[in-house]
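One structure is given here, and the rest of the page talks about it.
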Amino acid sequence: MPIDIVGVVSNHETFREIVEFNGYKFHHLPIQDNKQKQEEEFHNIAIQSGTQLIVLARYMQILSQDFVSKWSNNCINIHHSFLPSFKGAKPYHQAFERGVKIIGATAHFVNQNLDEGPIIEQDVEKVDHELSPSDLVTIGKDIEARVLYKAIKNFSQGRVFLNGKKTIVFKGDKIL
C-alpha cells in the first residue's frame with residue numbers, strides 16, 4: 001500500500017514487542033482517570049508524527065466529540081460486525097445469540113455516533129448453527145483484516161469520497 005506507518009498508539013502493552021520488532025514507534029497511552037488528557041496526548045503524537053490517517057483497530061474506546069471533530073474524515077475504524085447490525089462490544093456473541101447465517105466486518109469513518117460513520121468497506125462469510133462464538137471470532141478476524149486492508153488501500157489511493165452519510169469508493173473505472 002502507498003502508506004508510511006508512523007507509529008502505533010495503544011491503551012495497552014499487548015503488541016509493543018511486535019510493533020517495535022518491526023521498526024515502528026510504539027506509544028503506550030493508558031486510559032486512567034483522565035480520558036481527555038489521554039486523547040490530547042494521542043492527538044499531539046499524531047500531529048507531531050505527521051499523521052494523515054488514524055486507523056482504529058481493537059481500540060475499543062469511544063472517542064470524545066472533540067477528538068472526532070479534529071480527525072473528521074481522517075479516522076477509520078474496523079468494526080467486527082456487518083454494520084448496522086450488532087454495534088458496540090461483543091458483536092460475534094450477539095450474532096451467535098441471534099442465530100445469524102452471515103457474519104462480517106465493516107470499515108467506516110469515525111463520527112460522533114458509535115459505529116455509525118460512513119461505511120467504506122464490508123465483507124461477510126456464511127456461518128451456521130454448528131459454530132460457537134469463539135469460532136465466529138476466529139472467522140471474523142480474517143474478515144476484519146481483509147476489510148481493513150481494502151479500506152486503507154482505497155483511502156490512501158484517494159479513491160474514497162464522502163457523499164452525505166455515505167461514501168463513494170472508486171475501484172478502477174467503476175464506482176462502488
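Since this is a predicted model, take the numbers as computed values, not measurements. Positions are given from 1, in the same order as the sequence printed here.
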Closest heavy-atom pair and its distance - [X], [Y]:
X: Leu136; Y: Tyr92; value: CD1-O, 3.6 Å
X: Thr14; Y: His12; value: OG1-ND1, 3.0 Å
X: Asn111; Y: Gly117; value: ND2-CA, 3.4 Å
X: Leu162; Y: Asn73; value: CD1-OD1, 2.6 Å
X: Ile54; Y: Ala46; value: CD1-CB, 4.3 Å
X: Val9; Y: Ile45; value: CG2-CG2, 4.1 Å

For [X] and [Y], indicate whether the former's side chain and the latter's backbone hold a donor-acceptor pair under 3.5 Å.
X: Lys165; Y: Asn163; value: no
X: Ser10; Y: Glu13; value: no
X: Glu121; Y: Val147; value: no
X: Asn34; Y: Lys37; value: yes
X: Lys150; Y: Ala107; value: no
X: Asn22; Y: Tyr24; value: no
X: Asn44; Y: Glu41; value: no

Test log, rule salt bridge (Lys or Arg N to Asp or Glu O under 4.0 Å), inputs Glu39 and Lys70:
CA-CA 11 Å; Glu39 283 188 358; Lys70 289 176 184 173; over 6 Å; no
Does the plane of the ring in Phe67 sit parallel, tilted or perpendicular to the ring in Phe42? Use 30° and 60° as the thresholds.
tilted
Does the side chain of [Y] come within less than 4.5 Å of [X]'s, by heavy atoms?
X: Phe96; Y: Leu131; value: no
X: His79; Y: Pro91; value: yes
X: Gln112; Y: Ser69; value: yes

Regarding Glu144 and Arg58, does a basic nitrogen lie under 4.0 Å from an acidic carboxylate oxygen?
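Judged by the 4.0 Å cut-off on N to carboxylate O distance, Glu144 and Arg58 do form a salt bridge.
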Between Arg146 and Glu125, is there a side-chain N and carboxylate O pair less than 4.0 Å apart?
yes
Nearest-0.5 Å distance that lies between atom [atom1] in [X] and atom [atom2] in [Y]:
X: Ser134; Y: Ile139; atom1: OG; atom2: CD1; value: 9.5 Å
X: Ile152; Y: Ile5; atom1: CD1; atom2: CD1; value: 8.0 Å
X: Ile76; Y: Leu53; atom1: CD1; atom2: CG; value: 4.5 Å
X: Leu148; Y: Ile120; atom1: CG; atom2: CD1; value: 9.5 Å
X: Ile119; Y: Thr106; atom1: CD1; atom2: OG1; value: 5.5 Å
X: Ser156; Y: Asp4; atom1: OG; atom2: CG; value: 10.5 Å

Do Ser132 and Asp135 meet the criterion of a side-chain donor-acceptor pair at a distance under 3.5 Å?
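On atom types as modelled, these side chains qualify, holding a pair under 3.5 Å.
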Taking Phe15 as the starting point, is it possible to reach Val6 by hopping between hydrophobic residues whose side chains are less than 4.5 Å apart?
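Shared cluster, no.
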Is the number of heavy atoms from other residues, nucleotides or ligands under 6.0 Å of [X] [atom1] greater than 12?
X: Gln52; atom1: CD; value: no
X: Ile18; atom1: CD1; value: no
X: Ile62; atom1: CD1; value: no

Check the pair Leu63 / Trp71 against side chain to side chain contact (heavy atoms under 4.5 Å, CB included), numbers first and verdict last.
CA-CA 11 Å; Leu63 297 168; Trp71 290 95; over 6 Å; no
